[in-house]
Amino acid sequence: MTLVHPELNPQAVARTYELDRRHVFHSWSAQAEITPMVITRAEGSYIWDGEGNRLLDFSSQLVNTNIGHQHPYVVEAIADQARTLATVAPQHANDQRSEAARLICERAPGELNRVFFTNGGADANEHAVRMARLTTGRPKVLSRYRSYHGGTQTAINLTGDPRRWPNDEGTSGVVHFFGPYLYRSHFDATTEEEECRRALAHLEQVIELEGPQTIAAILLEAIPGTAGIMPPPPGYLAGVRALCDQYGIVLIVDEVMTGFGRTGAWFVCDDEGVVPDLLTFAKGVNSGYVPLGGVVISDRIAEHFAHRPYPGGLTYSGHPLACAAAVAAITVMERDGIIDNARRIGTDVFGPELVRLAERHPSVGEVRGRGVFWAIELVTDRHTRRPVAPTGGSSPVMAEAVRASKELGLLPFTNSGRIHLVPPCTITESEAREGLHIIDQVLSRVDTLVDDAGKDESR
């Protein structure tokens, strides 16, 4: 749908794009091979591109605009704070930082009562690992394959997808293991119960073979996000918690992507009845309106640094504009029932409708997720489960899926051979169904491409 709005200035759009290509160095990209979309405005669940096209944002940008775009209450809170106190050094106390910490701790599970603020999720994971190593005096950290924990040096080495490979020097003290993923089970499991039991047995064997006395922490995404949105089977997170208790290992749960409503809960680990020693967050805490992340710290870990300095910090730790945005965002999440809305959309709309799409489209291998956090796994053959694109790569099929989505009015989030459904937690039922209608048409195009490719191979 093309909606030319009064603010659209073609000359300004052209200059924006020209300056971007001349001066901006983009992440995760071959610079000469990209054509970045110019976004001129956004509101609620929609963005407008530089040609005046309105697109339903099923990406939440990078799965972070949980309260939608340009929420007036949060925008005004940022403006008010800028007029009052635009910045303050982290060694001082500030009302917005104190209040944000209180609100976060009250929603975190168990005795997680302190917050170390960072600028985002990657440095939150960096500092959580540093805390675990200093507390235990041990060097190693275990993390799973098919995971993503950030782009800084320790975080990228903790990551279990191909983006790690060019940055991996093999000296980071990180050991990877296989997590549960029933659709592509590494354990020949046929049920969730089998997958859970065998995945935990595998993890325990890795612990024993690496030497428990050398392992500081196990770091897990509550639900692996970019790597595939794979909700763990019931009991898995609790089983990892039990292994950590048995061997004296710190449990770090990464809720950077899942936290603050994305799955229909404040935090997945709380929903699962699991209390980690350290919990990392970012993204949804203030919907990315101002960069903010952090580590929520258990009393036991905090006590280690009661009388010895913690050797780490950031100039913008707990920045007042970011914390004011967090206070406002958490307030409206609570006030407006945004988390309940995310859970309801998942239960009543995405869940049942995606099952119907899977039945209708032979290119869909599996759908999975909860809340407004879902993945459609695309395959060339349901029996072999061969993906339409390699892990960490793309393909003509996926390129066409992205192109068709935009043409039909939807901004998608894709990774490898998957389409992720990750709209704002504020999305309405009618907007969700609008997006599903577009995806239905995109999948029809994918079906045709996969079928044509299969016919070509058989010739």
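All heavy atoms count here, side chains included; hydrogens, waters and symmetry mates do not. Here the structure is a predicted model, which means the values were calculated and not measured.
- Cation-pi geometry between Arg54 and Tyr46 is satisfied (NZ or CZ under 6.0 Å from the ring centre, within 45° of the ring normal).
- For the pair Phe373/Val63, a side-chain contact is recorded, criterion being any heavy-atom separation below 4.5 Å from C-beta on.
- Of the charged side-chain nitrogens involved, at least one lies within less than 4.0 Å of a carboxylate oxygen, so that Arg344 and Glu429 count as a salt-bridged pair.
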Pairs of donor and acceptor atoms involving the side chains of residues 71-80, under 3.5 Å and at least two apart or interchain, shall be tabulated with distances.
unit_1: His71; atom_1: ND1; unit_2: Tyr73; atom_2: N; d: 3.2
unit_1: Glu76; atom_1: OE2; unit_2: Arg83; atom_2: NH2; d: 3.0
unit_1: Asp80; atom_1: OD1; unit_2: Arg83; atom_2: NH2; d: 2.5

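- In this model, a donor atom of one side chain and an acceptor atom of the other lie less than 3.5 Å apart for His69 and Asp57.
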- Can Glu43 and Arg41 be said to form a salt bridge (charged side-chain N to carboxylate O under 4.0 Å, His left out), step by step? CA-CA 7 Å; Glu43 183 177 346; Arg41 63 178 290 233; 3.2 Å; yes
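- In this structure, CD on Gln11 lies 11.5 Å from OG1 on Thr16, to the nearest 0.5 angstrom.
- Applying the ring-ring contact (aromatic ring centres under 6.0 Å, His included) criterion to Tyr183, with sequence neighbours excluded, gives no partner residue.
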- Applying side chain to side chain donor-acceptor pair (under 3.5 Å), run through Ser60 and Arg262 and close with a yes or a no. CA-CA 10 Å; Ser60 293; Arg262 174 60 48 189; 3.3 Å; yes
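- Two residues are said to be in side-chain contact when any heavy atoms from C-beta on lie closer than 4.5 Å; Thr263 and Val372 fail this criterion.
- To the nearest 0.5 Å, atom CG of residue Leu421 and atom CG of residue Leu354 are 5.5 Å apart.
- Nearest heavy-atom pair across Ile419 and Ala401 is CD1-CB, 4.5 Å.
- A donor-acceptor pair shorter than 3.5 Å can be found between the side chains of Asp440 and His361.
- Side chain to side chain, His26 and Asp20 meet the donor-acceptor criterion of an N or O pair below 3.5 Å.
- Of all heavy-atom pairs spanning Ala122 and Thr152, the tightest one is CB-OG1, 3.6 Å.
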- Query: Could you walk me through whether Met37 and Ile47 pass the side chain to side chain contact (heavy atoms under 4.5 Å, CB included) check?
  - Reply: CA-CA 11 Å; Met37 174 191 291; Ile47 62 98; 4.0 Å; yes
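- Two residues are said to be in side-chain contact when any heavy atoms from C-beta on lie closer than 4.5 Å; Val115 and Val295 fail this criterion.
- Looking at Asp336, its side chain never comes within 3.5 Å of a backbone N or O of Met333 through a donor-acceptor pair.
- Within 6.0 Å of CZ on Arg114 lie no more than 12 heavy atoms contributed by other residues, nucleotides or ligands.
- A heavy-atom distance below 4.5 Å is not found between the side chains of His437 and Leu408.
- Under 3.5 Å, the side chains of Asp161 and Thr159 contain no donor-acceptor pair of N or O atoms.
- Counting only N and O atoms by type, the side chains of Thr258 and Glu255 include a donor and acceptor under 3.5 Å apart.
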- Would you please test Val397 and Glu400 for side chain to side chain contact (heavy atoms under 4.5 Å, CB included) and show each step? CA-CA 5 Å; Val397 170; Glu400 175 59 19; 6.0 Å; no
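- Under a 3.5 Å cut-off, the side chain of Asp270 and the backbone N or O of Trp266 do not form any donor-acceptor pair.
- For the pair Arg102 and Glu106, the salt-bridge criterion is met [side-chain N within less than 4.0 Å of a carboxylate O].
- Looking only at distances, a side-chain donor or acceptor of Arg184 sits under 3.5 Å from a matching main-chain atom of Arg385.
- With respect to the salt-bridge test (charged N to carboxylate O, under 4.0 angstrom), the residues Arg107 and Glu334 qualify.
- Cation-pi contact between Arg368 and Trp374: absent, since separation from the ring centre below 6.0 Å together with deviation from the ring axis within 45° is not met.
- At distances below 3.5 Å, at least one donor-acceptor pair connects side-chain atoms of Arg21 with backbone N or O atoms of Gln31.
- Partners of His186 according to the ring-ring contact (aromatic ring centres under 6.0 Å, His included) rule, which considers only residues two or more places apart in sequence or in another chain, are Phe178.
- Using modelled atom types and a 3.5 Å distance limit, the side chains of Glu111 and Ser298 yield no donor-acceptor pair.
- Residue pairs meeting the ring-ring contact (aromatic ring centres under 6.0 Å, His included) criterion with at least one partner in residues 99-122, sequence neighbours excluded, are Phe116-His127, Phe116-Tyr310.
- Residues Val141 and Ile215 form no side-chain contact, since every pair of their non-hydrogen atoms from C-beta on lies 4.5 Å or further apart.
- Shown here is Tyr316, whose OH atom has no more than 12 heavy atoms of other residues, nucleotides or ligands within 6.0 Å.
- To the nearest 0.5 Å, atoms CG (Asp299) and CG (Leu112) are separated by 8.0 Å.
- Salt bridge status for Glu431 with Arg433: absent, with no side-chain N to carboxylate O gap under 4.0 Å.
- Minimum heavy-atom separation, Val446 to Ser363: CG1-OG, 3.5 Å.
- Separation of atoms CD (Glu407) and CD1 (Ile438) is listed at 11.0 Å; rounding is to 0.5 Å.
- Going from atom CG of Asn341 over to atom SG of Cys425 covers 8.0 Å, rounded to the nearest 0.5 Å.
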Cut-off 3.5 Å, no hydrogens considered: what does the side-chain donor-acceptor table look like for residues 271-283, sequence neighbours left out?
unit_1: Asp271; atom_1: OD1; unit_2: Arg343; atom_2: NH2; d: 3.4
unit_1: Asp271; atom_1: OD2; unit_2: Arg343; atom_2: NH2; d: 3.2
unit_1: Glu272; atom_1: OE2; unit_2: Arg370; atom_2: NH1; d: 3.4
unit_1: Asp277; atom_1: OD1; unit_2: Arg300; atom_2: NH2; d: 3.4
unit_1: Asp277; atom_1: OD2; unit_2: Arg241; atom_2: NH1; d: 3.3
unit_1: Asp277; atom_1: OD2; unit_2: Arg241; atom_2: NH2; d: 3.0
unit_1: Asp277; atom_1: OD2; unit_2: Leu251; atom_2: N; d: 2.8
unit_1: Thr280; atom_1: OG1; unit_2: Asn125; atom_2: OD1; d: 2.9
unit_1: Lys283; atom_1: NZ; unit_2: Leu62; atom_2: O; d: 2.8

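- Contact between Ser143 and Val174 at its shortest, heavy atoms only, is OG-CG1, 3.8 Å.
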Side chains of residues 216-231: which donor-acceptor pairs under 3.5 Å do they make with residues two or more places apart or in other chains?
unit_1: Glu221; atom_1: OE1; unit_2: Tyr148; atom_2: N; d: 3.1
unit_1: Glu221; atom_1: OE2; unit_2: Gly225; atom_2: N; d: 3.3

- Message: For His176 and Arg164: C-alpha separation, side-chain torsions, deciding distance, then whether side chain to side chain contact (heavy atoms under 4.5 Å, CB included) applies.
- Response: CA-CA 12 Å; His176 289 95; Arg164 182 186 84 251; 3.7 Å; yes
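- Heavy-atom minimum distance, Leu200 versus Gly235: CD1-O, 4.3 Å.
- Put simply, the side chain of Thr40 does not reach to within 4.5 Å of the side chain of Asp49, judged on heavy atoms.
- Nearest heavy atoms, Leu182 versus Glu195: N-OE2, 3.7 Å.
- Counting only heavy atoms from C-beta outward, the side chains of Arg146 and Thr391 approach each other to under 4.5 Å.
- Looking only at side-chain heavy atoms (C-beta outward), Pro234 and Glu192 come within less than 4.5 Å of each other.
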